[in-house]
There are 2 protein chains.
Amino acid sequence: MALEHAILVSLAERAGTGYDLARRFDKSIGYFWTATHQQVYKVLARMEAAGWVTVTVLAQDGRPDKKRYDLTEAGRAELARWIGGPAEPELTRSELAVKVRGASYGDVRLVAAEVERHRDLHAERLDSYLANEKRDFPDPSRLRGAKLHQYLVLRGGISYERGAIEWCDEILESLRPRPKGKR
Amino acid sequence: MALEHAILVSLAERAGTGYDLARRFDKSIGYFWTATHQQVYKVLARMEAAGWVTVTVLAQDGRPDKKRYDLTEAGRAELARWIGGPAEPELTRSELAVKVRGASYGDVRLVAAEVERHRDLHAERLDSYLANEKRDFPDPSRLRGAKLHQYLVLRGGISYERGAIEWCDEILESLRPRPKGKR
DNA sequence: TTCCGCATGTAACCAGTTACATGATTAC
DNA sequence: GTAATCATGTAACTGGTTACATGCGGAA
């Protein structure tokens, strides 16, 4: 389980509310981890019980109170401990791959259309990642520390999307009707 | 949800027992989908209730009875229907990426060691995939139908592993102490 | 004699999703 | 007026994992 620890990383960078954390997952850390706000609230409660974070209630008028979460020493220690441990390589599940595999038992053209849609989705994401790269890391060779690590994760996202696009293209080339010459 | 449908694909190729299906997930389909035998038994029960498969009990002496599952017409129809529908692109969760991102809050050298271990794991898998490719698809340009689709999924596995290895290498290059020249 | 393969499952648990609920503020 | 943003959560459910249980045959 790693959501706890993804949150620890996020809080180590800076304190925030459950709402904040959920939004951060939509963005930067979100290349390789996501969580809904419901899930975040649940886990934060557990983390507080474990003594990894403290809560400060911040009254607001007009809108509901905020709860700012801060890492405790115990939280930092747990984070360091976890970082030093092994990470299980997770199995990549791909529904699209299952459809490709089974394409002969359905309509191959529909599968091809879906692959094309995925290719476009991946291309869109790639563009947005590349834009982030340009904006946030214009000179990567100088990076060090946390900023470098952030960059490396982004690079992972970029390389993943590129791979996905290439794969979709390969599928499309072999699934789509051959150029008329052969007919 | 797609385990049901992954099983339908597997059964469309050929009938089998729960045990067989679980093992097939370890192999061919397993590049992009896996399931334990417990999970398979559970889902098969559901699928039988839905009328997608029929069960034939095959008595054996010495060992427990087998249950061979066969697709029904309804099962085939459901498979065709599902194949024609959209596939949600799933979010790739990577614990390793979270560790890389948080490396500054722990021991960077341990993270690097773990990245190296992952690179080796991916390299091993790549080798085995490439061996499968050579053995099962010596002449890819002639493939058509189900065999082609199988090949394309394998190609996806190969490209995924290659991407993972490249990413690990990029991380290792920037995380590890610079060649002494610069010091 | 010990482990692996065959072959079935149950039970407890855990992580994550979806739906629902509340309610003010601000921008279009 | 309508939708989005801020901000919290509960409840029901689903999919998947882990641990446990049984028991024979054959290989090392």
Side-chain angles (χ1 to χ4, degrees), chain A residues 1-8 10 15-27 29-30 32-50 53 55-69 82 87-95 98, chain B residues 1-8 10 15-27 29-30 32-50 53 55-69 82 87-95 98:
Chain A
M1 222 300 301
L3 178 54
E4 262 95 336
H5 297 97
I7 290 177
L8 286 177
S10 197
T17 66
Y19 187 87
D20 289 335
L21 289 163
R23 268 184 325 163
R24 288 186 212 166
F25 278 115
D26 282 348
K27 292 175 188 161
I29 303 190
F32 289 117
W33 211 272
T34 27
T36 58
H37 69 101
Q38 292 94 328
Q39 185 68 6
V40 169
Y41 288 127
K42 230 191 278 185
V43 171
L44 279 172
R46 238 192 282 153
M47 290 169 72
E48 201 207 337
V53 294
V55 192
T56 315
V57 177
L58 306 170
Q60 302 188 113
D61 46 50
R63 44 186 64 182
D65 295 353
K66 268 188 192 181
K67 291 182 175 181
R68 199 193 61 226
Y69 289 87
W82 175 79
E88 286 319 306
E90 40 274 299
L91 30 95
T92 331
R93 287 205 158 100
S94 165
E95 202 175 322
V98 179
Chain B
M1 223 300 302
L3 178 54
E4 261 97 337
H5 297 98
I7 290 178
L8 286 178
S10 198
T17 67
Y19 188 87
D20 289 335
L21 288 162
R23 269 183 324 163
R24 288 186 212 166
F25 278 116
D26 282 349
K27 294 176 187 159
I29 303 191
F32 290 117
W33 212 273
T34 27
T36 58
H37 69 101
Q38 291 94 330
Q39 184 68 7
V40 169
Y41 288 127
K42 231 192 277 184
V43 171
L44 278 172
R46 238 193 283 153
M47 290 168 72
E48 201 208 335
V53 293
V55 193
T56 314
V57 178
L58 307 169
Q60 302 189 114
D61 48 47
R63 44 187 63 183
D65 294 353
K66 269 188 192 181
K67 291 184 176 179
R68 199 194 60 225
Y69 289 87
W82 175 78
E88 286 318 305
E90 39 275 299
L91 31 94
T92 333
R93 286 203 158 99
S94 165
E95 203 175 321
V98 178

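Naming: A, B, ... by sequence-line order, numbering from 1 per chain. Worth knowing before you read on, the calculation uses all heavy atoms, side chains too, and leaves out hydrogens, waters and symmetry mates. Since the structure is predicted, the reported quantities are computational estimates derived from the model, not experimental observations.
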Round to the nearest Å and state the distance from [X] atom [atom1] to [N] atom [atom2].
{"X": "B:D20", "N": "C:dC6", "atom1": "CG", "atom2": "P", "answer": "9 Å"}
{"X": "B:E90", "N": "D:dG15", "atom1": "CD", "atom2": "P", "answer": "14 Å"}
{"X": "A:E88", "N": "D:dG16", "atom1": "CD", "atom2": "P", "answer": "19 Å"}
{"X": "A:L58", "N": "D:dT8", "atom1": "CG", "atom2": "P", "answer": "9 Å"}
{"X": "B:L44", "N": "C:dA7", "atom1": "CG", "atom2": "P", "answer": "15 Å"}
{"X": "A:Q60", "N": "C:dT26", "atom1": "CD", "atom2": "P", "answer": "12 Å"}
{"X": "A:R93", "N": "D:dG15", "atom1": "CZ", "atom2": "C1'", "answer": "8 Å"}
{"X": "A:K66", "N": "C:dA24", "atom1": "NZ", "atom2": "P", "answer": "19 Å"}

Taking the side chain as every heavy atom from C-beta outward, state whether [X] and [Y] have any atom pair closer than 4.5 Å.
{"X": "B:L44", "Y": "B:Y69", "answer": "yes"}
{"X": "A:T17", "Y": "A:L58", "answer": "no"}
{"X": "A:E4", "Y": "A:V43", "answer": "yes"}
{"X": "B:F32", "Y": "A:V98", "answer": "no"}

Any side-chain N or O of [X] under 4.0 Å from OP1/OP2 of [N]?
{"X": "A:Y19", "N": "D:dT8", "result": "no"}
{"X": "B:Y41", "N": "C:dT8", "result": "yes"}
{"X": "A:T17", "N": "D:dC6", "result": "no"}

Shortest non-hydrogen contact from B:L3 to B:A35?
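The answer is CD1-CB, 3.8 Å.
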
How would you label the contact of [X] with the nucleic acid (heavy atoms, under 4.0 Å): base, sugar-phosphate, or nothing?
{"X": "B:R68", "value": "nothing"}
{"X": "B:K67", "value": "sugar-phosphate"}
{"X": "A:R23", "value": "sugar-phosphate"}

Give each protein N/O atom lying under 3.5 Å from an N/O atom of nucleotides 19-21 of chain D, with the pair distance.
from   : atom 1 : to    : atom 2 : distance (Å)
D:dA19 : N6     : B:Q38 : NE2    : 2.9

Establish whether the base of D:dT17 is bridged to the side chain of B:K42 by a donor-acceptor pair shorter than 3.5 Å.
yes

Between A:E90 (side chain) and B:E95 (backbone), is there a donor-acceptor pair under 3.5 Å?
yes

State whether A:D20 and A:R23 are salt-bridged, where the test is any N-O pair (Lys NZ or Arg NE/NH1/NH2 against Asp/Glu carboxylate O) under 4.0 Å.
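Looking at A:R23 together with A:D20, the answer is yes, because their closest N to O distance falls below 4.0 Å.
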
Nucleotide of C:dT8, D:dG9, C:dA15 approaching A:R46 most closely (side-chain heavy atoms)
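Comparing C:dT8, D:dG9, C:dA15 against the side chain of A:R46, the answer is C:dA15.
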
Counting side-chain heavy atoms from C-beta on, which of D:dG16, C:dG16, C:dA7 comes nearest to A:Q39?
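Nearest to the side chain of A:Q39 among the choices is C:dG16.
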
